[in-house]
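Here the structure comes first, spelled out in structure tokens, and everything after it is commentary.
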Amino acid sequence: MSAEVVLQTEPVGRRNEHLYFALRNPKVVIGLVVVLALLLLGLIGPFFLSDSPNEYVGPKSEAPSGEYWFGTTYFGQDVFTQFVHGLRSSYLVGALGGGIAFVIGLTIGFTAGYRGGMVDEVLNMITNVVLVLPALAVLIVISSYLEVRGVVSQAVIIGVFSWPWVARAVRAQTFTLRNRDYVDLARLTGKRSPQIIMREIMPNMASYLLMSMILLFGGAILFAAMLDFIGLGPSNAVSLGTMMQQSMAWSSLHLGMWWWFIPPGLAITLIVGALYITNVGLDEVFNPKLREM
Amino acid sequence: MGRYFRRKLLIYGLTFIIAVSINFAVPRLMPGDPVARMLTRNSVANLESSEAMRGYFNDLFGLDVPLWKQYLNYWAALFQGDLGVSVFAFPAPVSSVVADALPYTLALLLPSILLSWVVGNALGAMAARNKLLDNGALPIGYVLTAVPYMWLAILLAWVGGILLGWFPVAGGYSFALTPAFTWTFIADLFHHWFLPFLSLFVVALGGWAIGMRNLVIYELESDYSNYLQALGAPNRLVRRYAFRNAVLPQITGLALQLGVVVGGALVTEVVFAYPGLGSLLLNAINNQDFFLLQGILLFIVIGVLVFNFLADVVYVLVDPRTRLGLEGGQS
């Protein structure tokens with residue numbers, strides 16, 4: 001009875017400890033505030049602004065003013081409306097693409113590391129092949145063949161090609177954990193492999209998994225921005241990458257319309273940079289050695 | 001060592017086969033008819049070339065031949081160096097169009113990759129365990145790794161090209177000049193090359209510096225460093241040993257990072273309209289020139305694989321453990 005109570009309270013206590021340090025770590029707090037603020041803007045903003053960001057609403061090539069916060073494009077579209085919609089699709093691509101890559105990477109990494117033997121050989125080979133394959137070039141070829149491109153399909157193909165480093169790291173960690181006594185014990189009790197992986201092995205690398213999810217999220221956003229910039233963005237939506245593409249296509253550089261190309265790139269830099277800094281902060285939270293005294 | 005190389009070569013061979021297979025499969029599996037799209041786009045502009053292309057496509061996609069035979073034909077053509085005919089630069093073959101653009105991309109990529117690796121590693125090693133430098137270098141490094149390649153390129157073009165007017169913002173050389181082996185032309189090439197190079201160099205710098213900093217800190221905490229310090233070895237010596245051990249993962253990292261850097265080079269070239277593979281790729285996409293697109297992908301894959309192999313060779317030269325067949329080289 002008492003042993004059970006201890007078992008139940010232990011992880012809760014540890015989680016609270018992590019939360020305690022996370023909320024007192026300036027890197028985590030600043031990073032999360034930036035990410036969440038932009039997310040909120042992207043989520044709520046479109047409800048207050050026009051539904052169609054490509055609408056011609058104002059004077060052409062207007063500098064930022066009280067009415068048009070980020071100015072207008074060469075055609076008189078409101079840059080701020082586009083920006084807010086772009087934020088939304090960037091987060092969507094990040095969450096979906098990063099999520100898919102995360103699931104694939106985890107599945108392959110755990111299976112390879114836990115099973116070992118022939119399964120591991122094959123999966124490891126696949127992982128190494130996808131790792132060497134220049135992802136962006138493959139993504140470009142695939143998405144250029146798609147006649148209708150959407151944010152979701154873009155996220156899916158990004159996810160399918162950006163998982164290998166997660167799989168590799170998960171596999172390596174699973175290798176070191178799979179022969180521990182408590183895993184053997186779980187195996188003796190007759191639990192099935194997926195259950196053992198989920199209940200016994202995964203919690204030991206929860207912190208690492210959280211951090212790799214963050215990196216995948218940021219990576220997917222960067223990938224999507226690059227694809228959009230080459231002109232392979234969603235054909236019916238606005239994204240931060242297509243904004244930059246449009247601004248370059250209509251020579252905003254030479255016209256001096258800095259308000260057109262600065263906000264989208266700055267937003268991506270802020271989101272991804274804040275995610276990285278959160279990641280460093282989390283590292284300190286999970287690894288007491290790194291905490292500043 | 002033999003096993004190490006055999007394994008690596010197997011992986012690279014498989015990667016090449018898979019890349020070619022993707023090239024083969026994507027046009028055939030995608031919804032819609034890319035050939036028809038390609039033809040309708042060009043039939044209006046140039047009747048003669050369209051006719052020639054229709055014949056060519058029928059020959060190549062030869063729908064009366066079973067799929068496995070199409071696949072074999074594809075490989076056979078590939079080994080004869082036949083990548084198809086470019087639509088956008090008709091009737092030039094894809095291989096020659098790509099070969100024309102390749103030197104520009106290589107001239108951007110090689111110096112920027114190697115220089116940023118060397119400088120980044122040096123900066124990172126200096127920043128490790130150095131409060132003052134660390135506090136400055138680390139945040140800048142993180143911001144740099146988060147910057148999208150094209151945005152930094154746009155910013156540099158805007159500041160260095162438009163606001164200051166120091167550098168041209170488009171092209172590989174001035175239109176007034178004809179390519180020749182003269183000093184004016186070389187100076188002009190360099191003048192156009194500098195901003196794209198700088199942009200690629202700066203973006204990659206941060207990642208290397210951060211990686212090196214973390215690795216050096218890790219090495220400085222290890223037993224041999226503590227032992228050396230306990231013996232009273234000078235700090236410089238301890239750091240030198242830490243650095244030499246920390247460089248090893250960075251060499252592997254260089255090879256792994258390559259795909260990303262190539263992608264960055266492509267978009268950077270698009271920003272500066274630099275006449276390398278990136279601009280070619282943009283043209284291919286805008287003209288729905290699928291042969292050219294696939295040819296570029298193939299060249300990129302081959303380039304990345306060759307470079308990976310070179311990194312493996314360097315790794316073996318630098319790390320004696322792989323040479324002696326001990327633990328070390330990660331496969």
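Just so it is clear: chains get the letters A, B, ... in the order the sequence lines come, proteins before strands, and each one is counted from 1. Only a predicted model underlies this, so the values are computations on that prediction, with no experimental measurement involved.
Using a 4.5 Å cut-off between heavy atoms, I210(B) does not touch chain A at all. Only the side chain of N23(B) comes within less than 4.5 Å of a heavy atom of chain A; its backbone N, CA, C and O stay farther away. For V147(B), the parts sitting under 4.5 Å from any heavy atom of chain A are the backbone and the side chain alike. Of the two parts of I162(B), only the side chain, counted from C-beta on, holds a non-hydrogen atom closer than 4.5 Å to a non-hydrogen atom of chain A. Proximity to chain A is limited to the side chain of L266(B), based on heavy atoms less than 4.5 angstrom apart. Of the two parts of I230(A), the backbone and the side chain both hold a non-hydrogen atom closer than 4.5 Å to a non-hydrogen atom of chain B. Residue contact with chain B, scored on non-hydrogen atoms closer than 4.5 Å, involves the backbone and the side chain of A225(A) alike. Both the backbone and the side chain of M226(A) come within less than 4.5 Å of a heavy atom of chain B. For chain A, the nearby parts of Y142(B) are the backbone and the side chain; heavy atoms of each come within less than 4.5 Å. Contact of L138(B) with chain A is not made at all, since no heavy-atom distance falls under 4.5 Å. When heavy atoms are compared at a cutoff of 4.5 Å, Y12(B) approaches chain A solely by way of its side chain, counted from C-beta outward. No part of L144(B) comes within reach of chain A, as not one of its non-hydrogen atoms sits under 4.5 angstrom from that chain.
No side-chain heavy atom of L293(B) sits less than 4.5 Å from a side-chain heavy atom of L297(B). With contacts defined as side-chain heavy-atom distances shorter than 4.5 Å, the pair R115(A)/D120(A) does not qualify. Using a 4.5 Å heavy-atom cutoff, the side chains of I158(A) and L139(A) are in contact.
Closest of all the heavy-atom pairs between G295(B) and V98(B) is C-CG2, 4.5 Å.
Here the options are V280(A), L275(A), T278(A), N279(A), the test is side chain to side chain contact (heavy atoms under 4.5 Å, CB included), and the partner is M211(A); only N279(A) passes. Put simply, the residue from L131(A), V129(A), V130(A) that forms a side chain to side chain contact (heavy atoms under 4.5 Å, CB included) with T15(B) is V129(A).
In the model, E269(B) has a side-chain atom that pairs as donor or acceptor with a side-chain atom of T105(B) under 3.5 Å.
Taking the ring centroids of F286(A) and Y208(A), they lie at or beyond the 6.0 Å cut-off.
Between chain B and the options A135(A), A137(A), G273(A), A274(A), heavy-atom pairs under 4.5 Å are most frequent for A137(A). Among L281(B), L152(B), N308(B), the residue with the largest count of heavy-atom pairs under 4.5 Å with chain A is L281(B). Chosen from I277(A), L133(A), L232(A), L266(A), the residue pairing most often with chain B at heavy-atom distances under 4.5 Å is L266(A). The candidate with the highest count of non-hydrogen atom pairs below 4.5 Å against chain A, out of G259(B), P148(B), G263(B), is P148(B). Ranking V270(B), V260(B), V262(B), V267(B) against chain A, the residue ahead of the rest is V267(B), based on heavy-atom pairs under 4.5 Å. No other option in L258(B), V271(B), L10(B) has as many heavy-atom pairs under 4.5 Å with chain A as V271(B).
Here the CD1-OG distance, from I262(A) to S247(A), works out to 10.0 Å after rounding to the nearest 0.5 Å. Rounded to the nearest 0.5 angstrom, W208(B) CH2 and L254(B) CG are separated by 5.0 Å.
In this structure, F309(B) and F5(B) have tilted ring planes: the angle between them lies in the 30° to 60° band.
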